[in-house]
Amino acid sequence: MALGDLEREVMTQLWDAREPLTVRQVHERLSRDRDLAYTTVMTVLDRLAKKGVVTQEKTDRAYRYGPAQTREEMTAALMLDALSATPDRDAALAHFVGQLSPAALAAAIEAAKNSS
Amino acid sequence: MTALLLGAFGLTLSLVVPGVLAGARWADRAPVAAVVLWQAVTLAAVLSALGVVLAAPEELVRAAGSGRPVATAALVGALVIAAVIVIRLLVSLADVSRRSRARRSRHRTLVDLLDRAEQHPELDVEGLRVLDGAVPFAYCLPGRSPRVVLSGGALRVLGPDEVAAVLAHEQAHLRHRHDLVMESFTAFYRAVPRPLRRRTPLDCVHLLLEMVADDAARRRCGAAPLHAALQRLTHAVAGGAAGGGDDDRDRRLDRLGPVDVRSAGITVAVLMAAAAILVLPTVILVVPWLDRAFEAWPL
């Protein structure tokens, strides 16, 4: 299994959990339907913490890991990064229908909310 | 004389030609050639600036009949300024490509973590990522490990044919490395001193590359689904209030009728013009000047 997929699954577990989880808890949840090394889970959590998407806190001798943002917050931030028009059009992304001004983006979010 | 003519040519290329090209609707019928023409115009403007910097001191020194020390100083000064121009362009290019790589890499990390593509097994596409969210949008992340990103909202408003057309459009951007073309124009834009910067080339080339990707998608999926997808996505996003993009969108929609508007004749003519802009000044102005200048080479 690719490391990227595993990172995604670990994130999903952290997002679904109500509270920060220990490595052991994440490992238990992920190994319900497969064979997975404890150290692998530890490595993945460490990588995610380095990327800044997971926060690490120490409580009663054990590290607990939680998502830095909720799934919705992170999705919204990503969408903002993708769609907001920047003064210097940098060439980082290519859009199907162009970028939006903050006002147009807000209107789009509103329109999508109403239609769904 | 050479310096004056090259200067006039360079100023025409940087001040007059972009305005004319920006208004040219024939570009819509030969977008690939039009991108090449923009590249030729930009490169020729840079080369003319270098030509002026090198030729002007030499010609002044010769006209004044100054001695060898003055001629040597003039030549060294000219070479230094020319080197500064070239280095500034290269630094700008390195800077733009470093920044967009960093932004893409961060964006890719997050998009991979948030991906919901497994909920859409019917979309079996390499590098596809689906994001939660009702706002319909589609974009791609170019680079060595590219991604095409669709929102759940886009999948909701688009039919399967339209999704295929959007994916074909984005994959054309990725396959033809349109990001590198945009990066070079961005780098040039940022290297030009602020009061002289013009967004025109950047915006025009951007639109032309969209048309190139539209043509690729049309070849694979036909014009109708692409036309519909473009309409649906722009309409869903702010109901047509998408800022300055309206004209651009209309120009793209106009090209996506039942008849392919592309013209081989225009393509050939534009490519020849691009070659002429690069070659003719060199042959007519620069080569005769080099001939004279090397006879009096002071170093």
Side-chain angles (χ1 to χ4, degrees), chain A residues 2-12 14-15 47-48 50-54 67-116, chain B residues 96-97 99-101 103-104 106-107 109-115 131-142 149 151 153-154 156 166 169-170 173-174 178-183 185-186 189-190 199 202-203 206 209-210 213 229-230 233-234 236-239 241-245 248-249:
Chain A
L3 201 53
D5 289 334
L6 199 52
E7 288 183 354
R8 192 158 46 85
E9 287 195 29
V10 168
M11 273 320 275
T12 305
L14 296 180
W15 273 320
R47 280 170 57 100
L48 291 171
K50 283 210 180 85
K51 290 177 181 176
V53 292
V54 157
Q69 292 174 300
T70 65
R71 187 178 191 108
E72 291 70 31
E73 284 166 352
M74 202 188 266
T75 308
L78 193 65
M79 189 179 77
L80 219 58
D81 179 44
L83 295 185
S84 308
T86 43
D88 284 356
R89 164 140 39 210
D90 67 14
L93 314 169
H95 301 77
F96 188 62
V97 290
Q99 291 163 314
L100 298 169
S101 68
L105 187 57
I109 293 170
E110 201 51 41
K113 243 188 240 159
N114 292 338
S115 68
S116 60
Chain B
V96 166
S97 97
R99 280 161 40 136
S100 39
R101 263 206 309 270
R103 182 168 165 217
R104 278 180 208 142
R106 176 75 191 158
H107 200 100
T109 302
L110 298 182
V111 128
D112 285 356
L113 292 175
L114 290 165
D115 177 37
L131 287 182
D132 282 340
V135 179
F137 58 83
Y139 62 91
C140 63
L141 265 171
V149 185
S151 70
R156 194 167 44 81
V166 171
H169 172 103
E170 297 302 338
H173 279 316
L174 298 176
H178 289 168
D179 53 307
L180 296 181
V181 180
M182 276 313 287
E183 273 178 24
F185 277 95
T186 309
Y189 170 77
R190 299 170 67 93
R199 290 197 54 86
L202 218 51
D203 293 336
H206 178 257
L209 290 175
E210 293 303 322
L230 196 53
L233 281 184
T234 38
V237 176
D248 287 6
R249 185 205 47 197

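Every chain is numbered from 1, with letters handed out A, B, ... down the list of sequences.
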(request) Would you give the length of the straight line joining atom CG of B/L141 to atom CZ of B/R103, rounded to the nearest 0.5 angstrom? (result) 9.0 Å
(request) Could you check which of B/H173, B/H107, B/H169 has the highest count of heavy-atom pairs closer than 4.5 Å to chain A? (result) B/H107
(request) Could you pull out all residues at least two apart from A/R8 that satisfy side chain to side chain contact (heavy atoms under 4.5 Å, CB included)? (result) A/D5, B/D115, B/E118
(message) Please enumerate all residues that pass ring-ring contact (aromatic ring centres under 6.0 Å, His included) together with B/F185, with sequence neighbours excluded.
(response) none
(request) Give, as side chain, backbone, both or neither, the part of B/V149 having an atom under 4.5 angstrom from any heavy atom of chain A. (result) neither
(message) Rounded at 0.5 Å granularity, tell me how far CH2 in A/W15 sits from CG in B/L114.
(response) 4.0 Å
(message) Using heavy-atom distances under 4.5 Å, tell me whether A/M11 contacts chain B through its side chain, its backbone, both, or neither.
(response) side chain
(request) Please name the pair of heavy atoms, one in A/Q69 and one in A/A77, separated by the smallest distance, quoted to 0.1 Å. (result) NE2-CB, 4.4 Å
(message) Just so I understand: if I count every heavy-atom pair under 4.5 Å between each of B/A138, B/S97, B/C140 and chain A, which residue has the most?
(response) B/C140
(message) At a 4.5 Å cut-off on heavy atoms, which part of B/R106 comes close to chain A: side chain, backbone, both, or neither?
(response) side chain
